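Small disclaimer: the values here were computed from a predicted structure and weren't measured. Below, chains carry the letters A, B, ... as their sequence lines are ordered, and counting in each starts from 1.
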Protein chains: 4
Amino acid sequence: MRSENKAGGQDRSFIETARRAQIVGSAIDVIAEVGYAQASLARIAEHAGISKGVISYHFDSKDELVQQIVDDAMTAGDAAVRPLVEAQTTAADMLRVYIEASVEFYRTHQRHMLALLDIWTNLRTQDGRQRLGVRDNENEMGDVEQILRFGQATGEFGEFSTRVMAVTVKQAVDGVLLLMAAYDDLDFDVYARELAGLFDRATRKEDRWR
Amino acid sequence: MRSENKAGGQDRSFIETARRAQIVGSAIDVIAEVGYAQASLARIAEHAGISKGVISYHFDSKDELVQQIVDDAMTAGDAAVRPLVEAQTTAADMLRVYIEASVEFYRTHQRHMLALLDIWTNLRTQDGRQRLGVRDNENEMGDVEQILRFGQATGEFGEFSTRVMAVTVKQAVDGVLLLMAAYDDLDFDVYARELAGLFDRATRKEDRWR
Amino acid sequence: MRSENKAGGQDRSFIETARRAQIVGSAIDVIAEVGYAQASLARIAEHAGISKGVISYHFDSKDELVQQIVDDAMTAGDAAVRPLVEAQTTAADMLRVYIEASVEFYRTHQRHMLALLDIWTNLRTQDGRQRLGVRDNENEMGDVEQILRFGQATGEFGEFSTRVMAVTVKQAVDGVLLLMAAYDDLDFDVYARELAGLFDRATRKEDRWR
Amino acid sequence: MRSENKAGGQDRSFIETARRAQIVGSAIDVIAEVGYAQASLARIAEHAGISKGVISYHFDSKDELVQQIVDDAMTAGDAAVRPLVEAQTTAADMLRVYIEASVEFYRTHQRHMLALLDIWTNLRTQDGRQRLGVRDNENEMGDVEQILRFGQATGEFGEFSTRVMAVTVKQAVDGVLLLMAAYDDLDFDVYARELAGLFDRATRKEDRWR
DNA sequence: AATGAATGAGACTTCATTCAT
DNA sequence: AATGAATGAAGTCTCATTCAT
């Protein structure tokens with residue numbers, strides 16, 4: 001696992017692992033609360049109750065810390081969603097479960113996902129190009145697309161661009177973050193059900209009834 | 001028109017208007033290219049081929065410049081989309097036209113919208129809370145929701161949460177930016193058509209055929 | 001008169017004189033209100049309802065404008081006080097009248113004197129040394145000292161350092177500005193009378209009664 | 001002691017205390033030499049032989065640094081003068097010792113007091129009003145006034161406004177700074193003795209001899 | 001393993017001054 | 001005679017990073 005080994009290959013000590021986790025947690029909190037741009041190492045260290053230098057000691061750079069957040073969040077998300085999806089047999093069920101499980105994960109990991117969304121927009125390479133794009137999302141995006149293609153192959157789903165549909169599904173799930181930020185009393189279950197229904201109608205073969 | 005008058009009420013001179021437009025244009029370019037966080041006044045000035053002080057001369061603060069970008073982009077988007085939508089008679093047509101016109105606007109204003117998306121994420125109030133949220137988007141969001149409710153009232157559309165559907169429509173259209181950044185050869189027309197079809201199926205009353 | 005002629009020797013036009021007076025007046029207001037450090041040309045121009053460039057047009061530099069304020073205030077002060085003093089015959093009366101007339105002038109020219117005090121502290125030569133010091137005040141200081149020496153010569157006054165006494169008189173009169181700033185309801189007449197009494201006792205020959 | 005503890009309540013480390021003292025010292029030197037307005041952090045840092053950032057590291061803002069100077073100077077002045085005054089029994093002696101000790105303090109702390117005087121004039125609140133005024137001086141001013149009232153109560157002193165007299169005493173002592181700046185060879189002892197005599201005559205009951 | 005201290009680059013902003021119109 | 005526009009220097013402050021302890 002990437003997060004438990006150094007680049008050199010040696011295992012991290014227990015303490016090191018714990019410290020990194022603590023720092024990552026604080027970084028998530030701070031980014032979620034004040035935004036990526038305002039999330040200075042000083043603020044993160046203060047939130048963690050440690051000295052600024054500790055972060056530099058455990059992470060080569062701020063970029064590495066941020067990358068760790070991204071890795072952690074995506075790994076956790078994958079772990080939460082994939083097994084449930086793979087337990088399904090029909091493409092329609094897979095899609096529905098993917099959406100429901102994703103929204104549920106967003107609910108239980110609100111701060112993680114708020115931070116991730118912010119990082120996503122802001123993380124750039126030195127030449128200014130966005131470091132994270134659809135391509136880095138290919139794993140997840142690919143998973144959804146696979147479900148969609150599977151459904152088209154089995155005849156459950158109608159004709160549509162699997163790429164466009166996949167992007168839309170991903171964006172739709174992210175939409176929960178926007179509403180979350182705006183309305184404290186957002187009902188995640190309703191949101192998940194609505195979304196599931198929406199994409200069920202959008203994907204399934206229509207002429208079954210014709 | 002808001003963008004052509006000062007707070008004091010006086011009209012701006014022609015030169016002032018032109019300079020502001022030039023600066024706003026440069027700012028959009030720079031933000032779209034290197035991201036909001038890296039878009040310093042120095043970089044924007046350099047891109048515009050002017051001195052840093054000129055920006056401060058024409059804009060009270062960086063915030064005002066950024067707000068001008070937001071205002072301009074949203075005004076232009078509204079102007080491009082609304083008339084076309086209002087020319088429609090059925091809700092289904094309105095929704096389809098809204099999506100198609102929006103995607104078309106995104107195609108002709110790629111840099112504007114990339115910049116806007118970046119600003120959206122990053123603009124915060126002093127206490128860290130996001131300055132722009134769903135609520136600031138209410139105008140546009142509200143427009144979509146109105147279409148959706150109208151469709152439900154006329155019986156064209158089925159039952160669904162208009163709020164969730166509206167957010168999803170908005171997010172889906174924004175999705176074009178993600179694909180755009182990843183694939184140079186993106187076919188906007190296909191994207192628009194796919195999206196229109198997707199939401200047509202997702203919204204229309206299903207049991208007409210039952 | 002210095003203030004009505006250019007360095008070159010030509011007379012100023014009527015308009016030029018009026019403009020300079022207007023600008024000087026605004027500068028006094030602004031300096032008195034927000035302090036010398038915050039009194040930018042922009043603020044002064046705004047207060048005068050003119051463009052920033054006008055100031056630069058009529059004054060070679062900000063320093064010249066400030067020097068004009070100093071000259072004006074000191075000239076006016078001298079004109080208000082000197083005739084009254086010179087109308088007295090005894091040194092004691094001269095000193096009393098000097099103090100009373102000075103305080104009265106401070107009352108009618110509060111803003112001028114507040115500004116002057118501020119400028120006094122802040123005006124420096126390029127190498128950092130204070131441009132205005134006791135030596136520049138020699139005129140006024142000298143006047144007071146002359147009165148004091150006159151009194152000692154006539155035997156009205158006792159023995160004391162005329163220099164120390166003169167500085168103290170000047171400082172005492174300036175003290176009215178401090179109280180003015182702190183207490184809105186300051187009674188200038190009482191202040192003047194107290195001061196006059198104070199220095200009467202401090203200067204007069206004591207052993208007349210012995 | 002206020003100056004040795006952080007706002008949070010923790011003690012400062014030895015190094016921190018030393019650095020702050022060094023920076024305060026440099027700031028005093030620079031302000032005394034070139035004036036408050038020209039005393040930029042860059043100049044102060046250069047004078048201290050450190051990097052500009054060090055100042056920001058040890059002081060939250062320039063204002064905090066300046067406030068520290070004020071606190072230090074006033075605390076030191078109080079410590080130098082008060083014990084000597086309190087050792088006296090008669091009001092006349094108290095006043096004389098206050099003046100003599102103050103002038104002596106000004107002699108040994110010339111740079112401090114020059115800086116303090118400059119800061120006093122220039123420190124303003126955001127709305128432009130002077131931050132330090134007679135009221136902030138109440139402590140010291142109050143001390144002098146107490147002596148004066150005490151003397152009136154015991155019958156040592158005659159009738160006069162204690163407030164006006166107190167302001168004048170304070171201003172008279174400050175006058176030493178003006179002469180100091182103008183004449184290198186100023187004899188502080190003479191100045192102190194002259195001032196003491198001056199205020200002795202100005203305060204004491206006159207009609208003892210009548 | 002951790003920290004406090006220091007750095008230097010770069011951020012935004014203010015300002016006196018110059019200049020073409 | 002006046003103005004609006006532009007400049008470039010200098011101001012304070014923030015920040016990621018480095019380093020001695």
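If you take OH of B:Tyr36 and C1' of E:dA11, they are 12 Å apart, rounded to a whole angstrom. Protein atom CD1 of B:Ile50 is 14 Å distant from nucleotide atom C1' of F:dG8, rounded to whole Å. Here the C1' atom of nucleotide F:dG11 and the CD1 atom of D:Ile55 are 13 Å apart, to the nearest Å. What separates CG of D:Asp63 from C1' of F:dC13 is a distance of 13 Å, to the nearest Å. Atom CZ in D:Phe14 sits roughly 17 Å away from atom P in E:dG4 (whole-Å rounding). Atom CZ of D:Arg12 and atom C1' of E:dA5 are 14 Å apart (whole Å). Distance CZ (B:Arg20) to P (F:dA5): 11 Å, rounded to an integer number of Å. Rounded to whole Å, the distance from CZ on B:Arg19 to C1' on F:dT3 is 17 Å.
Among E:dC12, F:dT7, F:dA5, the nucleotide with an atom closest to any side-chain atom of B:Ser51 is F:dT7. In the set E:dT7, E:dA16, E:dA5, E:dA5 carries the atom at the smallest distance from any side-chain atom of D:His58.
For the strand DNA chain E, secondary-structure stems (runs of at least three Watson-Crick or G-U pairs, all distances below 3.5 Å) span E:2-21 with F:2-21.
Residues satisfying the side chain to side chain contact (heavy atoms under 4.5 Å, CB included) test with A:Ala42, not counting sequence neighbours, are A:Ser40, A:Lys52. Annotation: side chain to side chain donor-acceptor pair (under 3.5 Å) contacts of D:Glu64 (sequence neighbours excluded): D:Arg20.
Expressed to the nearest 0.5 Å, how far NE2 of A:His112 lies from CE of A:Met74 amounts to 14.0 Å. Going from atom CD1 of A:Ile119 over to atom CG of A:Asn122 covers 9.0 Å, rounded to the nearest 0.5 Å.
You'll find the side chain of A:Tyr36 stays beyond 4.5 Å of the side chain of B:Thr121, heavy atoms only. Counting only heavy atoms from C-beta outward, the side chains of D:Ile69 and D:Leu116 never approach each other to under 4.5 Å.
Applying the salt bridge (charged side-chain N to carboxylate O under 4.0 Å, His left out) test to every pair with at least one member in residues 37-47 of chain D, sequence neighbours left out, gives no pairs at all. Applying the side-chain hydrogen bond (donor to acceptor under 3.5 Å, both in side chains) rule to pairs touching residues 53-62 of chain D yields D:Glu16-D:His58, sequence neighbours excluded.
Listed pair D:Ser13 / E:dA5 meets the phosphate criterion, a side-chain N or O lying under 4.0 Å from OP1 or OP2.
At a non-hydrogen distance threshold of 4.0 Å, D:Ser40, D:Leu41 from residues 37-46 of chain D come into contact with DNA chain F.
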Give me the distances for all protein-to-nucleotides 18-21 of chain F N/O pairs that come in under 3.5 Å?
none

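At distances below 3.5 Å, not a single donor-acceptor pair connects side-chain atoms of A:Asp118 with backbone N or O atoms of A:Leu114.
The residue among D:Ser61 and B:Val54 whose nearest nucleotide of DNA chain F lies closer to the 5′ end is B:Val54.
Using a 4.0 Å cut-off between a side-chain N of Lys or Arg and a carboxylate O of Asp or Glu, D:Asp63 and D:Arg124 do not qualify as a salt bridge.
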Ignoring hydrogens and angles, write down the donor-acceptor pairs under 3.5 Å from the side chains of residues 22-35 of chain C, residues two or more places apart or on other chains.
from, atom 1, to, atom 2, distance (Å)
C:Gln22, OE1, C:Arg19, NH1, 2.7
C:Gln22, NE2, C:Ala48, O, 3.3
C:Ser26, OG, C:Gln22, O, 3.4
C:Ser26, OG, C:His47, ND1, 3.3
C:Asp29, OD1, C:Arg111, NE, 2.4
C:Asp29, OD1, C:Arg111, NH2, 2.5

